[in-house]
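A short worksheet on the structure shown next.
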Amino acid sequence: EINCIAYAEPDILYAGTRKGLLKSEDGGLNWRGVFSSMMSGKSDVLSIAIDIARPDTVLVGTKKGVFISDDAGRKWRGISGQLGNGPVSSVAIAGEELYAGADGGLYIDRDRSGRWERAIVKIRAADGRQDPEDDDAEKEEAPAREGVRSVAAASGSVYAAFNRYIYWKEAGADTWR
């Protein structure tokens with residue numbers, strides 16, 4: 001069963017399955033395992049993110065936490081930290097920041113250290129204005145504790161889909177829209 005797929009660079013693809021992570025270096029014609037039995041009990045890959053600036057960096061969310069490889073899948077290290085060993089349904093990379101969507105909400109690791117913090121998602125007022133002196137310009141915090149359906153990063157922005165809403169922010173910023 002294939003859970004997810006990610007494109008790394010020309011001809012390199014990754015596919016997350018119930019039995020691990022597969023990698024193709026020929027555009028999907030042939031596949032080999034790069035994350036499976038060596039991570040006993042943690043091989044059910046639910047999500048994959050590739051660092052666009054460094055395509056050898058692969059981040060995976062599994063049923064048992066978050067793992068990262070800086071060498072295109074040859075070696076892995078667990079970086080779940082405060083996330084624990086629960087399922088991570090979605091991951092994204094935006095610059096130095098890592099994002100993980102888990103049952104408890106959306107989390108950010110700001111420096112790839114494995115130190116995760118819950119995302120405090122502040123939403124701008126409906127008219128888009130935000131005055132740093134005016135606390136009323138911000139609505140309530142987004143449902144950061146809701147289940148995260150998906151997280152994605154592209155062109156310096158991060159997108160998070162919750163049960164009923166999609167929010168975005170610039171990478172490195174704290175305010176979500």
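These numbers come from a predicted model, not from an experiment. Here, residue 1 is the first one in the sequence, and each next residue gets the next number.
Cluster note: Trp168 groups with Tyr159 through ILVMFWY side-chain heavy atoms spaced under 4.5 Å, whether in direct contact or through intervening members. Through chains of ILVMFWY side-chain contacts below 4.5 Å, Leu98 is grouped with Leu59, Val66, Ile68, Ile79, Leu83, Val88, Val91, Ile93, Tyr107, Trp116.
The heavy-atom pair separating Ser80 from Lys64 by the smallest distance is OG-O, 4.3 Å. Ala92 and Ala49 get closest at one heavy-atom pair: CA-CB, 3.7 Å. The minimum heavy-atom distance between Ser90 and Arg149, with the atom names listed, is CB-O, 4.3 Å. Annotation for Asp70 and Arg77: closest pair OD2-NH2, 3.9 Å, computed over non-hydrogen atoms. Here the closest heavy-atom approach between residue Gln82 and residue Gly114 is recorded as OE1-O, 3.4 Å. Residues Val151 and Gly101 approach most closely at CG2-N, 4.2 Å, considering heavy atoms.
Put simply, the side chain of Ser47 never gets that close to the backbone of Val60: no donor and acceptor are under 3.5 Å apart. A distance-only check finds a donor-acceptor pair linking the side chain of Ser24 to the backbone of Asn30 [under 3.5 Å]. Under a 3.5 Å cut-off, the side chain of Asp51 and the backbone N or O of Pro55 do not form any donor-acceptor pair.
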Could you give the side-chain donor-acceptor pairs of residues 7-16 under 3.5 Å, partners two or more places apart or in another chain?
{"unit_1": "Tyr14", "atom_1": "OH", "unit_2": "Ala72", "atom_2": "O", "d": "3.4"}

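The shortest side-chain heavy-atom distance between Asn3 and Thr17 does not fall under the 4.5 Å cut-off. At least one side-chain heavy atom of Thr57 sits less than 4.5 Å from a side-chain heavy atom of Arg112.
More than 12 heavy atoms of other residues, nucleotides or ligands shown are found within 6.0 angstrom of CZ on Arg54. Sparse packing is recorded around CD1 of Ile2, with 12 or fewer heavy atoms of other residues, nucleotides or ligands lying under 6.0 Å away. Other residues, nucleotides and ligands place no more than 12 heavy atoms under 6.0 Å from the CD1 atom of Ile166.
For the atom pair OG1 (Thr62) and CD1 (Ile48), the distance works out to 12.0 Å, reported to the nearest 0.5 Å. A distance of 11.5 Å separates OG of Ser155 from CD of Glu170, quoted to the nearest 0.5 Å. We find the OH-CG distance between Tyr99 and Asp109 to be 10.0 Å, quoted to the nearest 0.5 Å. Rounded to the nearest 0.5 angstrom, Leu21 CG and Lys23 NZ are separated by 9.5 Å. Of the inter-residue distances, the one linking Lys19 atom NZ with Asp44 atom CG reads 11.0 Å to the nearest 0.5 angstrom.
Put simply, Val158 and Tyr165 are part of the same group of oily side chains (I, L, V, M, F, W, Y) that touch within less than 4.5 Å, one to the next. At a threshold of 4.5 Å between side-chain heavy atoms, the hydrophobic network of Ile, Leu, Val, Met, Phe, Trp and Tyr places Ile50 and Val45 in one connected group.
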**Message:** Pair Val58, Phe67 - check side chain to side chain contact (heavy atoms under 4.5 Å, CB included), show working.
**Reply:** CA-CA 8 Å; Val58 182; Phe67 299 85; over 6 Å; no

**Request:** For Leu106 and Phe162, run side chain to side chain contact (heavy atoms under 4.5 Å, CB included): C-alpha distance rounded to whole Å, both residues' side-chain angles, the deciding distance at 0.1 Å, then the answer.
**Result:** CA-CA 9 Å; Leu106 178 64; Phe162 294 88; 4.3 Å; yes

**Request:** Under the side chain to side chain contact (heavy atoms under 4.5 Å, CB included) rule, what do Glu96 and Arg110 come out as? Steps first, then yes or no, please.
**Result:** CA-CA 6 Å; Glu96 288 302 307; Arg110 296 187 187 277; over 6 Å; no

**Message:** Could you go through Leu46 and Cys4, starting from their C-alpha distance and side-chain angles, then the distance that decides it, and tell me whether this counts as side chain to side chain contact (heavy atoms under 4.5 Å, CB included)?
**Reply:** CA-CA 6 Å; Leu46 304 174; Cys4 52; 5.9 Å; no

